[in-house]
Amino acid sequence: MKIAVLPGDGIGTEIVAEAVKVLDVLDLKFEMESALVGGAAYEAHGHPLPESTLKLAKESDAVLFGAVGDWKYDKLDRPLRPEQAILGLRKNLGLFANFRPAICYEQLVDASSLKPELIAGLDILIIRELTGDIYFGQPRGRRTAVDGHFPGAEEAFDTMRYSRPEVERIARVAFEAARKRSKRVTSVDKANVLETFQFWKDIVTEVGKEYPDVELDHMYVDNAAMQLVKAPKKFDVVVTGNMFGDILSDEAAMLTGSIGMLPSASLNSSNQGLYEPSHGSAPDIAGKGVANPLATILSAAMMLRFSLNQPEAADRIESAVKDVLASGLRTGDIWSEGTKRVGTREMGDAVVAAITKKTITG
Ligand code: NAD
C-alpha cells in the first residue's frame with residue numbers, strides 16, 4: 001500500500017505532520033511518499049500540480065492532502081493558482097464522490113453556535129458530486145453580451161450541466177451509504193428553477209426505486225440551507241451537486257463547532273481516494289502552531305477505512321480522538337472555559353499517546 005502525502009500550503013504542513021505521526025504509531029505496513037502541491041509547488045516548479053506530484057498521486061492507493069492557497073497568489077493567472085491543484089487531482093483521479101461527515105462530539109456541544117439540544121448527537125453525512133456541475137461545465141468565460149439586460153456590455157458566464165451517468169453513480173453511492181446508516185437519503189436540488197436539477201431529481205428518483213429499503217426525499221437547496229440550522233438531526237445522508245454541496249457542507253461544518261474538526265474523503269470508482277480536512281490553508285494562523293490537526297487526523301482514519309481496508313486502525317484513531325477530547329484538551333478554535341488550550345503539536349502528541357496507551361493496556 002502506498003500513500004502520497006501532499007501537505008500543501010499554510011497550516012497544511014503543520015496538520016499533515018500530526019496525521020503522519022499518528023499513522024506512524026499504528027505500525028501498519030505502508031509506504032508514504034511526500035510531494036509539493038499548491039503554492040509550494042508553484043514556487044519550486046512553476047505549477048501548482050507538477051507532473052511528478054500527479055504521477056505520485058496516480059500510482060498511490062490514497063492521497064493524504066493538507067490544504068492549498070494563500071492570498072499572495074490571488075493575482076496569478078487562474079490555471080497557476082494553488083487551488084487549481086485540487087481541481088486537477090479530482091479530475092485526473094476521477095474523484096467524483098465527496099464524503100463529508102458532520103459529527104458533533106459530545107464534548108464539543110458547547111462549541112457550536114446552535115443550542116445544545118439541536119446539535120447533541122448530530123451525525124449526518126453530506127455526499128457531494130465532485131467532478132461535474134457548474135465548476136467544470138464548458139463553455140465558460142468572458143465575452144460581450146449579445147442579449148440579456150445589457151446587450152453590448154462585458155459579461156461572464158459558466159455552464160451548469162450533468163449527464164445521466166454522473167447523476168446515477170453519485171445517487172448509487174448515496175443509497176449504498178444510507179444502507180449502512182439509518183436508511184434515509186435527502187436529495188438536494190433546485191428543480192423548481194434549474195433544468196439541470198429537475199433532471200437530477202428525476203434520475204435520483206429512478207435510482208431510488210432500486211433501493212426500496214431506503215427512504216428518499218427531495219428538498220430545494222434554499223430550504224435545505226434553512227433546515228440544516230433549524231433541525232439538523234432530521235437529516236441522515238444528504239446527496240447533492242458540486243456547487244450546492246460545496247456550500248451546504250461548509251454550513252454543516254459549522255454546526256459541529258469548528259471547521260477544524262471535519263474530515264473529508266473524495267473517492268473514485270476503484271476506491272482510490274483523496275483525504276483532506278474540510279478547511280483551507282488558514283493563512284491567518286499559519287506558522288503559529290495553533291491550528292487544529294483533528295480534521296486531518298480524522299481524514300487519515302477515513303483513508304484507512306475507505307481506501308486501505310484497515311477499519312480497525314481507523315476505529316483506533318477515532319476512539320483516540322474522543323479520548324483526547326474527553327480529557328479536556330482543546331486547540332483554540334474549540335476551546336471553552338474549563339478546558340485546556342493546546343497547540344497543533346501537543347494535540348497530535350495527545351492522540352498518539354491515547355493510541356499507544358490503548359495498545360499497551362489492550
Ligand atoms: P480557511 O478554511 O482556510 O479558513 C477559514 C477560517 O477558519 C480562518 O479563520 C481560519 O483561521 C480558520 N481555520 C481553518 N482551519 C482551521 C484549523 N484547522 N484550526 C483552526 N482554525 C482553522 O478558509 P479561507 O480563509 O476562506 O481560505 C484560505 C485559503 O485556503 C484560500 O487561499 C483558499 O482558497 C484556500 N482554501 C483551500 C482549500 C483546500 O485546500 N481544500 C479549501 C478552502 C479554501
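Read the numbers this way: they start at 1 and go in the same order the structure lists the ligands and their atoms.
Within the set Ser281, Gly69, Gly66, the minimum heavy-atom distance to atom 30 (O) of ligand 1 is found for Ser281.
Near Glu276, with a cut-off below 4.0 Å to any heavy atom, the atoms of ligand 1 are 41 (N). Those atoms of ligand 1 with a heavy atom of Ala67 less than 4.0 angstrom away are 40 (O). Residue Ile86 has at least one heavy-atom neighbour below 4.0 Å for each of these atoms of ligand 1: 39 (C), 40 (O), 41 (N). Heavy-atom contacts of Ala291 reach the following atoms of ligand 1: 19 (N) (cutoff under 4.0 Å). Less than 4.0 angstrom separates some heavy atom of Gly280 from each of these atoms of ligand 1: 1 (P), 2 (O), 3 (O), 30 (O), 36 (N), 37 (C), 38 (C), 42 (C), 43 (C), 44 (C).
Listed for the Lys190 side chain is no donor-acceptor partner under 3.5 Å among the backbone atoms of Thr196. With hydrogens and angles ignored, the 3.5 Å screen pairs a side-chain donor or acceptor of Ser299 with a backbone N or O of Glu276. Of the possible donor and acceptor atoms, one in the side chain of Asp9 sits under 3.5 Å from a partner among the backbone N and O of Gly69. With Arg142 contributing its side chain and Glu154 its backbone, the two residues share no donor-acceptor pair below 3.5 Å.
Here Trp71 has side-chain heavy atoms under 4.0 Å from ligand 1, and that is the only part of it that gets that close. Residue-level proximity to ligand 1 for Pro277 is absent, since no heavy atom of it falls below 4.0 angstrom. Counting heavy atoms under 4.0 Å from ligand 1, residue Val68 touches it through both backbone and side chain. Using a 4.0 Å cut-off between heavy atoms, Asn292 contacts ligand 1 through both its backbone and its side chain. With a heavy-atom cut-off of 4.0 Å, Thr331 does not touch ligand 1 at all.
The aromatic rings of Trp200 and Tyr162 lie tilted to each other, with the angle between the two planes from 30° to 60°.
The nearest heavy-atom contact from the protein to atom 3 (O) of ligand 1 is Ala282 N, 2.8 Å. Looking at atom 21 (N) of ligand 1, its nearest protein heavy atom turns out to be Ile285 CD1, 3.6 Å. From the protein, the heavy atom lying nearest to atom 9 (O) of ligand 1 is Asp284 OD2, 3.0 Å. Of all protein heavy atoms, the one closest to atom 34 (O) of ligand 1 is Glu83 OE2, 2.4 Å.
At a distance under 4.0 Å, no protein heavy atom can be found next to atom 5 (C) of ligand 1. Within a 4.0 Å radius of atom 43 (C) of ligand 1, the protein contributes at least one heavy atom.
Using a 4.0 Å heavy-atom cutoff, Ala295 is absent from the residues neighbouring ligand 1.
Side chains of Val188 and Tyr220 form no contact here, defined as non-hydrogen atoms less than 4.5 Å apart.
Under 4.0 Å is where a charged nitrogen must lie from a carboxylate oxygen, and between Glu215 and Arg184 no such pair does.
Atom CG of Asn309 has 12 or fewer neighbouring heavy atoms from other residues, nucleotides or ligands inside a 6.0 Å radius.
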